[in-house]
Amino acid sequence: MTSSDESPTPGTAVAAAPDRENRHNSLTTSDSGGVFGDRVFSGLALAAGVAILVVLAFVALFLTANSTGAVYREEEGLIIGAFLEYAYPLVIGTVVASAIALVLATPVAVGVALYISHFAPPRLSKSIGYVIDLLAAIPSVVYGAWGMSFLGPALVPAYTWLHEHLGFIPLFGESPSQTGRTIFTAGVVLGVMVLPIITSVSREIFVQTPKLHEEAALALGATRWEMIRMAVFPFARAGIISGVMLGLGRALGETMAVALVLSAGPLSASLISAGNSTIPAEIALGFPEAPPGSERQAQLIAIGLVLFVITLIVNMTARWIVSRHKEFSGAN
């Protein structure tokens with residue numbers, strides 16, 4: 001018989017049995033530890049999610065309970081009409097300033113992110129990325145001081161030119177501000193503030209584009225721009241929308257920069273004249289002077305509730321838009 005047909009000696013079998021038992025015990029201990037770790041992590045993640053929902057619920061309850069004085073008086077009953085008359089100019093001003101910020105920031109942010117991810121040399125792309133990330137760390141009060149002392153006066157000649165040549169358009173119809181502290185200036189400052197957010201998100205999504213898609217497009221004879229248009233943009237569509245919505249949330253809730261830049265006043269259709277205001281700026285300027293428990297304080301809390309609802313709607317809309325485009329994936 002060959003050596004392969006020989007059965008193991010009794011001593012070898014006895015020696016191998018404890019080894020198998022030790023390995024089995026080790027695997028059992030490892031599996032039990034892994035299961036316990038999974039349960040702990042799952043419990044912590046669930047607790048964090050529930051805590052966020054609880055905090056949001058308490059915020060909503062607090063705002064609702066303390067804003068009743070703005071829509072109800074004992075001697076007059078419901079005064080919803082009066083509150084809406086007070087609130088709608090602020091809502092329009094907030095939306096207009098945020099829209100200006102997104103219109104100005106989104107093309108620049110996507111272009112910068114595309115240059116960093118697909119055109120710039122590696123060293124230059126890292127340097128530009130660091131600078132963009134540093135812009136997000138600058139306090140909002142610094143942006144506000146910059147907009148009030150430098151950007152506003154610098155835009156006055158442009159406002160004058162727009163009024164002289166395009167004054168027939170209501171957006172440039174009224175007399176331009178001589179200080180530059182207008183809703184358009186506030187929108188420009190907000191655009192600079194949301195630029196790093198949109199750029200960072202878009203850059204990360206562009207970098208994650210599957211290389212096989214890009215190489216396949218180039219192999220078929222596409223130019224670099226055609227490759228980006230056919231492979232990169234479809235893959236990154238949901239990410240770009242997410243970045244824009246994050247920037248919109250920042251623009252809607254920005255307080256100090258707008259309060260410093262904007263010369264608040266009644267609602268006006270002109271973007272280059274003094275006037276208009278936003279919800280955060282109204283709360284920041286009016287809340288310190290409002291007596292505790294007064295109707296004025298209730299109005300400010302109620303308008304804060306309106307901003308809370310607007311932000312919630314924006315986030316829900318963003319989630320819905322992203323869910324419609326998430327089926328496209330580089331792995332599909």
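Values reported hereafter were calculated over all heavy atoms of this structure, with side chains retained and with hydrogens, waters and symmetry mates removed.
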Residues, nucleotides or ligands: over 12 heavy atoms within 6.0 Å of Y86 OH: yes

Sole residue of I279, L312, L63 in side chain to side chain contact (heavy atoms under 4.5 Å, CB included) with L307: I279

Smallest separation among heavy atoms of V156 and Q178, with atom names: CG2-O, 3.7 Å

Min side-chain heavy-atom separation I100-L271 under 4.5 Å: yes

Note, V189 side chain near L151 side chain (heavy atom, < 4.5 Å): yes

Geometric class of the Y143/W146 ring pair [parallel <30°, tilted 30-60°, perpendicular >60°]: perpendicular

Any donor-acceptor pair under 3.5 Å from S98 side chain to V95 backbone: no

I205 CD1 to S200 OG distance, which is reported to the nearest 0.5 Å: 11.5 Å

Distance in Å, I183 CD1 paired with T278 OG1, rounded so as to fall on 0.5 Å steps: 6.5 Å

Geometric class of the F184/Y159 ring pair [parallel <30°, tilted 30-60°, perpendicular >60°]: perpendicular

Side-chain touch V314/T311, heavy atoms, less than 4.5 angstrom: no

Side-chain heavy-atom pair I301, L305 within 4.5 angstrom cut-off: no

Side-chain heavy-atom pair T64, F308 within 4.5 angstrom cut-off: no

Closest non-hydrogen atom pair, P153 against S149: CG-O, 3.6 Å

Nearest-0.5 Å distance, CD1 of residue I303 to CG of residue L90: 5.0 Å

Close side-chain approach of L102 and L248, heavy atoms under 4.5 Å: yes

